[in-house]
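Note sheet for the following structure.
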Amino acid sequence: MAESDYFDRELSWIEFNARVLHEAGRTEIPLMERLSFLAIVASNFDEFFQVRVASIKRRALENTFTAESSFSPQSLLKKISQRCHEVTAVQYDTLTNTVLPALAEKGIRYVNAEQYTASQKSYTEALFHHDIFPLLTPLRTDAAEFPHIGNLRLHVAFLLEQMPGVHTKQNPLATPEGSELVALVPLPKGIPRVVWLPSAENEQSAPPQKNFTVLDDIIVLYGTELFPGYLVKETMLFKVARDADFAVDEEAGSNFIQAMEEVLVKRQSSFAVCLMCNASSQKLLRTLQTKLQLHNDDVYCVNGLIDPSTLLDITSTEGAEQYRYPHWHHFYPDSLPQDGTYWNTLRQHDVLLHVPYESYEPVVRFVQDAAKDPSVLAIKITLYRTGADSPIVQALKQAAQNGKQVTAFVELKARFDEARNISWAEELEKAGAIVVYGVVNLKVHAKICLVVRRESDGLRRYVHMSTGNYNPKTARLYQDFSVFTSNPELATDATLFFNVISGYSALQPMHHLCMAPVTLKSRLIELIDREIKQSTPETPGLIMAKMNSLCHKEIIDKLYEASRAGVRIMLNVRGICTLIPGVNGMSQNIRVVSVIDRYLEHSRIFYFQNGGAEELYLSSADWMERNLDRRIELMFPVLDSDVFRRVKDTLQLYFSDNCHSHVLQPNGTWCANSPQANESAVRVQEKLYQTFKKREEAKRSAPKQEFVVRRKD
């Protein structure tokens with residue numbers, strides 16, 4: 001296929017964030033949620049510049065091309081900069097001119113230093129002297145070496161001029177009278193950036209006003225006290241994103257953890273990728289650009305509060321809950337007992353868990369029960385991102401201490417979670433668990449847990465397989481499917497999988513599980529090919545798939561081939577999509593939609609009509625090169641008929657959303673969906689929640705069955 005048959009991956013990723021930003025601009029969404037969407041965009045861009053843009057900059061310096069893009073590195077950087085500047089402008093316009101004023105109307109008001117009342121000045125001045133000033137470290141920039149600017153750390157730059165008449169002969173570091181110099185002050189890490197202020201004098205407002213300022217405003221206002229003998233002429237707030245696209249030495253062997261820790265250190269001092277600032281001083285901006293070797297395209301000057309991701313403290317303040325989404329419960333699944341263990345239930349049938357609509361508690365309990373059960377002999381699990389203070393990690397430690405064989409496959413290369421993973425992996429080892437630190441040159445991204453239990457009829461294996469990580473915190477926000485099963489064939493495949501990734505076992509045929517990078521991609525191609533062969537004009541084939549990203553050219557080419565053969569293809573892609581839909585002769589039978597709502601859509605679901613003998617799969621893998629070719633991933637079939645029906649019904653529902661979905665156009669734009677005149681509004685996440693809520697209400701209102709026992713009089 002020609003390169004023009006695909007959208008660029010990086011530009012598609014930016015458009016995903018434009019869709020997230022679209023949610024922040026919707027006035028019907030609660031204000032704190034809109035602020036959260038703005039913060040998500042800010043955090044996403046931070047990672048994008050550290051990883052993706054840094055990689056392209058390196059290729060530009062080396063003048064190397066990649067098959068991922070049809071553009072040269074230099075031209076791609078230009079396109080990225082142009083679109084990122086456009087999205088950033090919308091982001092800050094939404095924050096400054098829409099969200100913050102709307103919050104002020106609700107009684108939560110941002111007050112900058114110029115607006116401080118007398119009591120607020122008194123309060124912030126005292127706060128500065130007692131709690132902030134001792135933590136500040138002004139850094140000279142006229143020394144032999146320019147001071148280090150930490151990755152993503154907010155700084156205030158001061159343009160200083162020595163006061164006339166100040167005697168400096170005894171100060172060897174002083175500069176000639178009248179000359180200008182630049183000082184940098186990193187914002188301290190130990191205190192929150194959001195500072196709540198006392199109410200204004202005699203303030204009578206409805207609703208009652210809660211005022212806040214930010215740490216940087218206070219430092220700028222009282223910053224002159226950091227530089228006695230100097231006048232502060234200009235100031236500028238800024239942060240720098242640095243290259244974080246480092247690869248750890250995969251051959252480090254027993255020193256792998258040390259090698260990973262060295263990577264974490266390098267991120268703080270790598271080359272600068274971009275600079276974000278409030279552009280209040282051109283002199284300061286030019287100085288920083290020169291020292292950091294950044295071009296104009298690398299500079300993002302914004303009008304307003306820099307770095308909205310640090311404003312999330314506002315969303316948890318008292319009274320903020322009324323400006324958040326209405327609370328949605330996480331219901332306990334019908335198919336599992338609330339008391340006792342799950343072993344008997346799982347011997348009878350598979351159980352589907354759909355988070356966050358259903359509680360994640362069963363996954364935690366599954367591991368905890370295994371840890372305490374004297375009949376359980378072994379637990380094997382893959383861990384990618386588990387979060388801090390994970391009850392699953394605690395249960396694994398307890399299991400090891402109880403004498404069970406615990407094997408944890410810990411992926412240290414989970415980007416930006418490396419330090420946390422190193423910490424609790426060492427805890428597991430101290431507790432007696434076997435810890436395997438990933439696989440050389442491949443990330444272990446599969447999500448699977450195997451429990452081996454001795455029962456009256458011999459050993460039985462119980463398996464949990466998921467589309468999402470073993471992380472109870474993100475399970476409250478991420479939409480994912482997982483399946484509990486004791487199906488012997490699936491359990492045998494799970495055992496073979498763990499044997500392969502733990503040692504030198506040669507890959508053995510697995511009957512149901514498909515593993516990347518060995519069989520998963522080829523199996524997907526087989527399934528698409530089968531749909532092509534069975535499709536006729538009278539009974540066209542059908543492929544439905546839901547995933548986070550789609551950018552694997554081999555898979556895309558096969559989908560184009562299927563479209564030309566008349567197969568109907570319905571894709572729900574939350575993030576990146578480099579496939580071009582709706583092009584005659586290539587993709588006219590392909591429709592791509594994306595849902596962005598209160599929960600992060602994270603599940604991967606693949607459906608194939610197969611001439612009526614339908615097949616449905618869940619997977620940890622997106623259809624991307626990194627997932628299918630460079631990671632350990634799993635795809636598993638849905639075999640239980642009840643679970644099959646529930647997953648398929650859910651998948652179909654996603655294509656009916658007309659409230660929080662966008663449709664990808666052949667020109668690369670995404671058009672927001674809205675109900676037409678003859679349509680009912682369908683919001684898929686709300687519809688799913690209401691389904692679970694009604695099921696729970698029906699369960700509670702069902703009359704309790706009483707048994708009348710006959711007795712002889």
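Note that these values count all heavy atoms, side chains included, but never hydrogens, waters or copies made by symmetry. What you are looking at is a predicted structure, and each value in this text was computed from that prediction instead of being measured.
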Check: L76 main-chain N/O paired with E10 side-chain donor or acceptor under 3.5 Å:
no
Check whether the side chains of N296 and Q289 place a donor and an acceptor atom closer than 3.5 Å, and report yes or no.
yes
Would S122 and S119 count as a side chain to side chain donor-acceptor pair (under 3.5 Å) here? Give the steps.
CA-CA 5 Å; S122 176; S119 63; over 6 Å; no
Counting N and O atoms only, with roles assigned by atom type, does the side chain of E105 sit under 3.5 Å from a partner on the main chain of A102, one being a donor and the other an acceptor?
no
Looking at R26 and E23, is any side-chain nitrogen of the basic one under 4.0 Å from a carboxylate oxygen of the acidic one?
yes
Hey, mind stepping through L579 and V573 against side-chain contact (heavy atoms from CB on, under 4.5 Å) and telling me if it holds?
CA-CA 10 Å; L579 177 148; V573 184; over 6 Å; no
H552-D629 side chain donor-acceptor pair, cut-off 3.5 Å
yes
Stepwise, does the side chain to side chain donor-acceptor pair (under 3.5 Å) test hold for S594 with R574?
CA-CA 5 Å; S594 177; R574 172 173 58 87; over 6 Å; no
Verify the neighbour count for atom CD of E28: are there more than 12 heavy atoms of other residues, nucleotides or ligands below 6.0 Å?
yes
Residues R324 and E33 bridged, charged N to O under 4.0 Å
yes
N303 atom CG, neighbour heavy-atom count above 12 within 6.0 Å
no
So, do F227 and F158 have ring centers that fall under 6.0 Å from each other?
yes
Stepwise, does the side-chain contact (heavy atoms from CB on, under 4.5 Å) test hold for W196 with I108?
CA-CA 10 Å; W196 294 99; I108 303 173; 4.1 Å; yes
Ignoring hydrogens, what is the shortest heavy-atom contact between A24 and V99? Give both atom names and the distance.
O-CG2, 4.3 Å
Ignoring hydrogens and geometry, is there a side-chain-to-backbone donor-acceptor pair from S43 to I40 under 3.5 Å?
no
So which heavy atom on C301 is nearest to which on L285, and how close?
SG-CD2, 4.0 Å
Of L184, L136, L187, which meets side-chain contact (heavy atoms from CB on, under 4.5 Å) against V156?
L187
Any donor-acceptor pair under 3.5 Å linking the side chain of N97 with the backbone of T94?
no
Write down the atom of N211, the atom of Q209, and the distance for their closest heavy-atom approach.
OD1-CG, 3.1 Å
State, to 0.1 Å, how close N548 and H602 come at their nearest heavy-atom pair, and which atoms those are.
OD1-CA, 3.4 Å
Using side chain to side chain donor-acceptor pair (under 3.5 Å), reason through E225 and H129 one step at a time and then give a plain yes or no.
CA-CA 9 Å; E225 299 186 29; H129 287 136; 2.5 Å; yes
State the CG-CG distance between L181 and D142, to the nearest 0.5 angstrom.
5.5 Å
Find out whether V53 and S55 are in side-chain contact, i.e. whether some heavy atom of one side chain is under 4.5 Å from a heavy atom of the other.
no
Do Y116 and V111 have side-chain heavy atoms sitting under 4.5 Å apart?
yes
Do the side chains of D46 and K239 get close enough for a salt bridge, i.e. N-O under 4.0 angstrom?
yes
Is the shortest heavy-atom distance from the side chain of I14 to the side chain of F48 under 4.5 Å?
yes
Do the non-hydrogen side-chain atoms of F37 and L21 ever get within less than 4.5 Å of each other?
no
May I have the step-by-step check of side-chain contact (heavy atoms from CB on, under 4.5 Å) for R242 and V240, ending in yes or no?
CA-CA 6 Å; R242 294 186 175 277; V240 174; 4.1 Å; yes
Applying salt bridge (Lys or Arg N to Asp or Glu O under 4.0 Å) to R83 and E15, what does each step give before you reach the verdict?
CA-CA 9 Å; R83 187 60 179 133; E15 295 311 314; 2.6 Å; yes
What do you reckon, are the aromatic ring centroids of Y300 and F49 less than 6.0 Å apart?
yes
Establish, yes or no, whether a centroid distance under 6.0 Å links the rings of F45 and W13.
yes
Going by heavy atoms in the side chains, are L197 and F212 under 4.5 Å from each other?
no
Counting distance only, does the side-chain N/O of S316 pair as donor-acceptor with the main-chain N or O of D313 below 3.5 Å?
yes
Regarding Y222 and T124, do their side chains bring together a donor and an acceptor under 3.5 Å, going by distance alone?
yes
Using 0.5 Å steps for rounding, measure from the CD atom of Q74 to the CG atom of L61.
8.5 Å
If we count only N and O atoms by modelled type, under 3.5 Å, do the side chains of Y110 and D217 hold a donor and an acceptor together?
yes
Are any side-chain N or O atoms of S12 and backbone N or O atoms of C577, one a donor and one an acceptor, separated by less than 3.5 Å?
yes
Closest non-hydrogen atoms of H155 and L237, given as atom of the first, atom of the second and distance, are O-CD1, 3.1 Å
R109/K210 under side-chain contact (heavy atoms from CB on, under 4.5 Å): CA gap, chis, key distance, verdict
CA-CA 6 Å; R109 177 170 168 258; K210 294 187 69 174; over 6 Å; no
Without swapping roles, check the side chain of D622 against the backbone of M624 for a donor-acceptor pair under 3.5 Å.
no
When you check the side-chain N and O atoms of T310 and R193, is any donor under 3.5 Å from an acceptor?
yes
Counting only N and O atoms by type, is there a donor-acceptor contact under 3.5 Å from the side chain of D597 to the main-chain atoms of Y599?
no
I want to check something: taking the side chain as every heavy atom from C-beta on, are I218 and E125 in contact at a cut-off of under 4.5 Å?
no
Within 45° of the axis and under 6.0 Å from the centre of the six-membered ring of Y6, does NZ or CZ of K553 qualify?
yes
Side chains of R631 and Y384: does their closest heavy-atom pair fall under 4.5 Å?
yes
Could you tell me whether the side chain of I580 reaches within less than 4.5 Å of the side chain of F7, counting heavy atoms only?
yes
Short question: side chain of S281, backbone of L284 - any donor-acceptor pair under 3.5 Å?
yes
Among I219, D131, L154, the one residue meeting side-chain contact (heavy atoms from CB on, under 4.5 Å) with P188
I219
Establish, from distance only, whether the side-chain atoms of D243 and Q50 form a donor-acceptor pair under 3.5 Å.
no
Charged N-O contact under 4.0 Å between E62 and R59:
no
Ignoring hydrogens, what is the shortest heavy-atom contact between V41 and N17? Give both atom names and the distance.
CG2-O, 3.8 Å
Is the backbone N or O of G575 less than 3.5 Å from a side-chain atom of S549, with the two atoms forming a donor-acceptor pair by type?
no
Does a donor on one side chain sit under 3.5 Å from an acceptor on the other, for K291 and T141?
no
